[in-house]
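Let me begin by presenting the structure, written as structure tokens, before commenting on it.
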Amino acid sequence: MNEVLIAKLDLNGYLDEFKNFLARDKELFLQGDKSLHFKRIDELCKLEFKAPPQLQKLDTALLHLSKQGILHLDEIAEFVKILHYFSYLKNLKCEGNLKTWLDKIKPPKSLLEFYNYFDEKGVFKDDSDERLMNLNQALKIKNETINHEFKKLSHSKNLNPYLIDTQIHSINGLQSLLVRGGFSHFIQAKIIGRSKTGGFYIVPLSIENLQDEIQKIKNQKEEIYYEYAKKFSLFLGKELLFLKFIDKSFDLFDHYSARVMFAKKKDFEFILCDDSDEIVLKNFAHPALKNPKSVNVEFKKQVLLITGVNAGGKSMLLKSILSAAFLAKALLPMQIRACESKIGSFKAFEAIIEDPQNVKNNISTFAGRMLQISKLFSQKNMLLGIDEIELGTDFEEAGCLYREIILKLIENKLKIIITTHHKLLAMLLAKNDQIELLAALYDEKNSRPQYEFLKGTIGKSYAFETALNYQIPPFLVEKARKNYGEDKQNLEELVSKNINLELELRTKLRELQFKENKVDTLLNSLKIQKEKEENEFKTRLRELEFEFHRAIEEAKKTLNFKELKDKQRTLNRANELKKAILLPSMKKNDELRVGDFVKYEKIKGRILNISKNDALIESEGLRLRVPLRLLKISQELPKKNAKTSINIQKPRHLGVSLDLHGLRSDEAIERLDRFISDALIAGFDEVLIYHGIGTGKLAFAVKEFLKTHKSVKSFHDAPLNQGGFGAKVVKF
């Protein structure tokens, strides 16, 4: 199933390149705690390490050991490679979860008894056994003798007339000479083959005897190797559980290292799936594209319906969202700004993209689509992509049918991405709160798609414009326009406009409801604060009344004394009691300034204005006046309201210039943002922005905003006759 999905999402090339970094072939997905794997991968990214050695799969070898079988030394060498590599890893300066995991891998002492018989590449060291050393020396001597004999024969005067060449040929593993017929008069030899030219491959009897002796030596070596294989297999069999553990551990580290090395080569980033079903992509690029235009998407509802121009990137956007979620689940790196992105967790993925028509099974395109979709109603926690949803049938009937299907899939909690170039389905679904609209933008002036998307609106198909762009004769396109009819086109535009206006109204109503809820919260908070202050005031008033009463009573005591000294002493005590009374005062907080972020109980906001004893603060779009003495500096910035800016239709009376004189920076930037969106939809490629010179604050704010706007290609100061330093020429 994954192979089919990978092919549909155009990820084959990416995954083939990734698999080149694996030490041995394995499943794509990591099993177990994804969060723990992510931490280990992140820690490994900070290290420089050599790649794991290439290994063969050891499942069969482990099975043989479980049945007390004897492994070949080559199979045993694979286990030795693993042990050597983990020994190397333990010497790296690992930290955190990775170090804790590696520390748990402790080979038993019994395995270390044969560990030194092999080098790091898994080659058995013959110098560890004297018998093998002697046999190797004997082999060397025999081979030198054979070479000497061949050299002597190739230069023999008697044999020279029969030699076709003086080379030594290897036939079936035996060294031989190539001669002509009649050679037997001068040399005794065994014929082991014939050449295409009629020559004979011969092995002289003297050399044949030497070759037999070499084969006997090799057989002796094999017997010694078998002894070691039996001995080592016995050790390995006793530690079978550990071998299974370290074999799986090697595969796990192979997963980590391949991902890290691939990410470093490509300069890719990792992203960990969270527990939500939201998808937010920032600067994501599909790995199949060369010089791709990065994608920015916020997909937080259940359905994302992408409409608009053909060849505008709708299908690639669908594949990009599915690919990003699939790669994140597999903990594979990708081109993305991970710190600003978010990808939820999905149990399954499905992409209905190709035409399912099948002649062999006598199935039509539409029937194939119905068969695919019928299997989805039992699915849960799935991310689904359907490309060109009305494919294969009448779009009006399909629109009504698919509306009901999609609503049912929404009930089943499926997350769905849909593309269509027909508006009917979008119009039928637009009122559902669980559906987001995204329109592909089209550059009418240059007759080409922009590969950008506008949120919250229904896109136009631009079928006639696209046909002209792909060299369809203009007279045919014009004839089609007339057949389509201006009235029907105008009606369709009016319906689209009505839907878009309704969407805008609903968005504003949601914003208004949010503000009303916030007002209620603020009023309740103020009421609680008022009651608290009234209680504090009453408590303090009672305390002051009691203290004044004590001072007065002390002063009254002077009436009971006749001596002046006693009266003076009593009055002094009364005066001291009076001085000890601390009256409340209105203390002004001189540290506060306009623009400071402050808090008043649970309310946080920014100071807009300061009068004598009060401050005007703004909190989440609402303004209120609060006494200065009750405000405190806040280190935490207040949360900003999410603002939805929807440009519904192509502006009819939009100018090519915008005057921002006299506006505050935040007001100016908001107006500039709307103006640029309108200009893009109108098809302008250049506009003029007037900001003036003044203190320079507004000019600086405009410049910084233009730097970060993704649709602005360049900007510069206007000519002197158009405003000079007080204006900017902006190009898209």
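Note that the coordinates shown come from a computational prediction; the quantities given were computed from them, not determined experimentally.
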With side-chain contact (heavy atoms from CB on, under 4.5 Å) as the criterion, how do Leu30 and Arg259 come out once you've worked through the C-alpha distance, each side chain's angles and the decisive distance to 0.1 Å?
CA-CA 11 Å; Leu30 281 161; Arg259 283 162 169 75; 4.0 Å; yes
Could you work out, with side-chain hydrogen bond (donor to acceptor under 3.5 Å, both in side chains) as the rule, every residue matching Glu269, not counting sequence neighbours?
none
Are Glu43 and Arg40 close enough for a salt bridge, meaning some N to O gap below 4.0 Å?
no
For Gln54 versus Glu78, what's the shortest heavy-atom pair and its separation?
O-OE1, 4.4 Å
Between Leu332 and Phe262, is a side-chain contact (heavy atoms from CB on, under 4.5 Å) present by the stated rule, with each step listed?
CA-CA 9 Å; Leu332 288 168; Phe262 188 43; 5.8 Å; no
For residues 408-418, tabulate all N or O donor-acceptor pairs below 3.5 Å that involve a side-chain atom, not counting sequence neighbours.
{"from": "Asn412", "atom 1": "ND2", "to": "Phe377", "atom 2": "O", "distance (Å)": "3.0"}
{"from": "Lys415", "atom 1": "NZ", "to": "Asp277", "atom 2": "O", "distance (Å)": "2.8"}
{"from": "Lys415", "atom 1": "NZ", "to": "Phe299", "atom 2": "O", "distance (Å)": "3.1"}
{"from": "Lys415", "atom 1": "NZ", "to": "Lys301", "atom 2": "O", "distance (Å)": "2.5"}

Which heavy atom of Ile389 sits nearest a heavy atom of Tyr402, and at what distance?
O-CE1, 3.0 Å
Check the angle between the aromatic planes of Tyr256 and Trp101 and answer parallel, tilted or perpendicular using the 30° and 60° thresholds.
perpendicular
Can you name the nearest heavy-atom pair linking Lys39 to Asn97, along with the distance?
CD-ND2, 3.6 Å
Apply ring-ring contact (aromatic ring centres under 6.0 Å, His included) to Phe29 and list each qualifying residue two or more places apart in sequence or on a separate chain.
Phe326
Nearest atoms (heavy-atom pairs only) where Leu11 meets Pro287
CD2-CG, 3.6 Å
Would the distance check show the side chain of Thr307 and the main-chain N or O of Thr420 forming a donor-acceptor pair, the cut-off being under 3.5 Å?
no
Intermediate values then yes/no, side-chain contact (heavy atoms from CB on, under 4.5 Å), Glu298 and Lys282
CA-CA 9 Å; Glu298 287 192 11; Lys282 294 294 182 182; 4.0 Å; yes
Below 6.0 angstrom between ring centroids: does that apply to Phe715 and Phe705?
no
Contacts of type side chain to side chain contact (heavy atoms under 4.5 Å, CB included), residue Lys50, not counting sequence neighbours:
Tyr85, Tyr88, Glu120
Among all residues two or more places apart in sequence or in another chain, which pass the side-chain hydrogen bond (donor to acceptor under 3.5 Å, both in side chains) test with Lys342?
Glu278
Under-4.0 Å salt bridge between Asp247 and Arg24:
yes
Between Leu281 and Ser320 the two heavy atoms that sit nearest each other are CD1-O, 4.4 Å
Check Glu686 with Lys713, please: is the shortest side-chain N to carboxylate O separation under 4.0 Å?
no
Going through the distances and angles, do Leu327 and Ile336 end up as a side-chain contact (heavy atoms from CB on, under 4.5 Å)?
CA-CA 11 Å; Leu327 295 178; Ile336 193 171; over 6 Å; no
Going by the salt bridge (Lys or Arg N to Asp or Glu O under 4.0 Å) test, which pairs reach into residues 318-328, not counting sequence neighbours?
Asp10-Lys319
Would you call Lys266-Glu17 a salt bridge at under 4.0 Å N-O?
yes
